[in-house]
Undergrad: 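Can you read through this structure? Questions will come right after.
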Amino acid sequence: MGSIDPLVLLAAIMMASTPILLAALGEMVVERAGVLNLGVEGMMITGAIVGFVAAYESGSPTLGFVTAALGGALISLLFGVLTQFLMSNQVATGLALTLFGLGLSSLIGQSYSGLRAPLTPDLHIPVLSDLPVVGRVLFQHDAMVYVALALVVGVWAFLKFTRAGLILRAVGESHDAAHALGYRVKLVRLCAIAFGGALAGLGGAYLSLVRVPSWTDGMTAGAGWIALALVVFASWKAFRVLAGAYLFGGISVLQLNLQAAGSKVPADLLSMSPFLATILVLVIISARKKGATAAPAMLGRVFHASQ
Amino acid sequence: MSIKTILASATVALSLSTAAFAQDPTKVGFVYVGPVNDGGWSQHHHESVMEMKEHFGDAIELVEQASVPEGADAERVFTQMALSGADVIFATSFGYMDPIINVAAKFPDVKFEHATGYKTAENVGVYSARFYEGRAVEGLLAGEMTKSNKIGYIGSFPIPEVIRGINASYLEAKKVNPDVEMSVVWLNTWFDPAKEADAAQALIDNGVDVVLQHTDSTAPQITAQKAGDVYTFGQAADMAEFAPMPRISSIIDVWAPYYIERVQAVIDGTWESDNTWDGIGAGMVGIGEITDAVPADVKADAEALRDAIAAGDYHPFTGPINKQDGSVWLAEGEVADDGALAGLNFYVEGLTGDIPQ
């Protein structure tokens, strides 16, 4: 059968990668502050449902995305309070957050299944969108695709060039030293957690408002876990998160396209290829000397001022 | 309080409770693989169950459990239901087959009904619909409606039930349109809206303009609607909210009459293990309204095919049909028997690609 049009494929990849890109970018910031939040899946699905409800009730996708970010941030603060003030175990609390989010979203979503979200319009950028070939592929997506890309640049610049970014990294590398210098470790971490929650919420809402776009129980179907793997895959660097997200999204879209184009490659091999790629990259990264120390030193450690 | 009064009241309580037992409603359990709001397979089972419940009213007590994964979890759920006094348990997904056989052996007094499976026992009956009959009608419509001569099929798991559907629709499409090609995308899931949407998009990006699905959500319908000039079919449920475009018809599973009949048999004490496999003729497979997006003559052809299948005048698997490798499967005029269909694990000639093993 016909061959795959690489430009159409690229356009599909940009769309398919956006949810995991947003969620992974948020989680990267959280982990750079030294907090391991395994609740990405729960925050994503919470964002998916509250975003859907807001967009459906108001008719405005923009309001839906804003609500999703707020909802994701709010539920992540639950995790924040439990782990930062009540010193609960981060791994267990994160897992609990995932379970809680799945249940809560199912409860909220009971009367919203089968409905359709208001259409998120594709941007039409003057001149750029009209460019032959490139315009159609790169410049005719919905606004969230570009928001996600802008956030990648923003997070990179924030961590690299700003004083606040430096403090956040200091907290993640040695919370005792940061504390001794007078920085408020818990506040910094809470802010990072809320930011991560907001981005995970946006990623979830992208699924329920643009990609599917309707609400069904459990619709994130493991995207949050892929986002978590992506952060490690990207060794905690913003642009590598972008590359990783496009690679992951790319392979999953490519395998469907290869099947649709009648390729002889076995489908099950293609389905597991993103995960094989993760393992491979993890092995390569940890084999390199520098890579082994890429994780923030305080990742997952509990901070208490008296210690 | 004297011993006498205690004994007396105990006797009264006992007789009251036996009286209550005698009028105890029959307890009916249902287990679904997806959420009851998936818009397709599980939701439609649930709605059929609601019809059945309405029919019996208080004569039965209903227990439902949704989103039960196929495998060890299912076995636990069935055991729990049987322990809590269910008289009959309906398991509504193919992958529940071995769990149900295991649990049934432990509870000989409980009746079990398994949808789309093939293993029976003294207290396990199986039931399924001849979905391939509906697929043949869809194939005819798809072959007639496609302008690009490319039809897409979103497959779930490579099991005989799904492969029958692919073969049946391809054969019929080929008959009305010799130039037609079909691409199959396997997802290895019954329900994953994001993946289903991506699969539909991938097919459309490759020039497909008619999409058939054997997965449970409505995501492919929405993707097709966004893409514009693409036709789809409702699956398991009518999905009429997507009519007249992209959904031009549908296969509707009609379970309610079967549920009413079987539960009645349990109440009457006449239940026996069965192997029911009914199609359009018996009313277990319904063809949803063919919309005005389809030209009148094509619609008439499709309805004629539907009626011929219902009357038993035509079987979708009638020779000559070759296997994918070109060897003969059915000779001229030969009709596939149910045994061969139940275990169907190969593509017919003309389909490309391999079935994942």
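Below, read A as the first sequence line, B as the second, and so on, with proteins coming before strands; counting in each chain starts at 1.
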Undergrad: Excluding sequence neighbours, so at least two apart, what forms ring-ring contact (aromatic ring centres under 6.0 Å, His included) with B:Phe30?
TA: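 If we apply the ring-ring contact (aromatic ring centres under 6.0 Å, His included) test to B:Phe30, skipping adjacent residues, the hits are B:Phe90, B:Tyr259.
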Undergrad: Please classify the contact between B:Gln225 and chain A as side chain, backbone, both or neither, with a heavy-atom cut-off of under 4.5 Å.
TA: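 The answer is the side chain of B:Gln225.
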Undergrad: I need the minimum non-hydrogen distance between B:Ser183 and A:Gln259, along with the two atoms involved.
TA: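 The answer is CB-O, 4.3 Å.
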Undergrad: Under 4.5 Å heavy-atom distance to chain B, tell me which part of A:Pro19 shows up: side chain, backbone, both or neither.
TA: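 Contact with chain B: none, neither part.
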Undergrad: Locate the shortest heavy-atom distance separating B:Phe191 from A:Thr216; write the atom from each residue and the value.
TA: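 Where B:Phe191 meets A:Thr216 most closely, the heavy atoms are CZ-CB, 3.7 Å.
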Undergrad: Considering only heavy atoms, which portion of B:Val184 lies under 4.5 Å from any heavy atom of chain A: side chain, backbone, both, or neither?
TA: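 The backbone, not the side chain.
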Undergrad: Could you pull out the closest heavy-atom pair between B:Ala202 and A:Ala260, with the gap in Å?
TA: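 What the structure gives for the nearest pair is O-CB, 4.0 Å.
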Undergrad: Would you mind telling me which of B:Ala200, B:Gly207, B:Ala194 has the largest number of heavy-atom pairs within less than 4.5 Å of chain A?
TA: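 Sorted descending by pairs with chain A, the first entry is B:Ala194.
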Undergrad: Looking only at non-hydrogen atoms, find the nearest pair between B:Lys226 and A:Met15 and report the distance.
TA: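 Looking at all heavy atoms of both residues, the shortest contact is NZ-CE, 4.3 Å.
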Undergrad: As a test of understanding, state which of B:Asp205, B:Asn206, B:Asp198 forms a side-chain contact (heavy atoms from CB on, under 4.5 Å) with A:Leu256.
TA: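 The option that passes is B:Asp198.
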Undergrad: Tell me which of these, A:Pro213, A:Gly109, A:Ala12, has more heavy-atom pairs under 4.5 Å with chain B than the rest.
TA: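 The residue among A:Pro213, A:Gly109, A:Ala12 with the greatest pair count is A:Pro213.
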Undergrad: Which one of B:Ser217, B:Pro193, B:Pro220 has the most heavy-atom pairs closer than 4.5 Å to chain A?
TA: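 Top count of heavy-atom pairs under 4.5 Å with chain A: B:Pro193.
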Undergrad: How far does CG of A:Asn257 sit from CD of B:Gln201, to the nearest 0.5 angstrom?
TA: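 So the gap between those two atoms works out to 9.0 Å.
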Undergrad: Should we count OH of B:Tyr347 as having more than 12 external heavy atoms under 6.0 Å?
TA: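 Correct, the count exceeds 12.
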Undergrad: Please classify the contact between B:Glu241 and chain A as side chain, backbone, both or neither, with a heavy-atom cut-off of under 4.5 Å.
TA: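 Answer is both: backbone and side chain atoms of B:Glu241 are under 4.5 Å from chain A.
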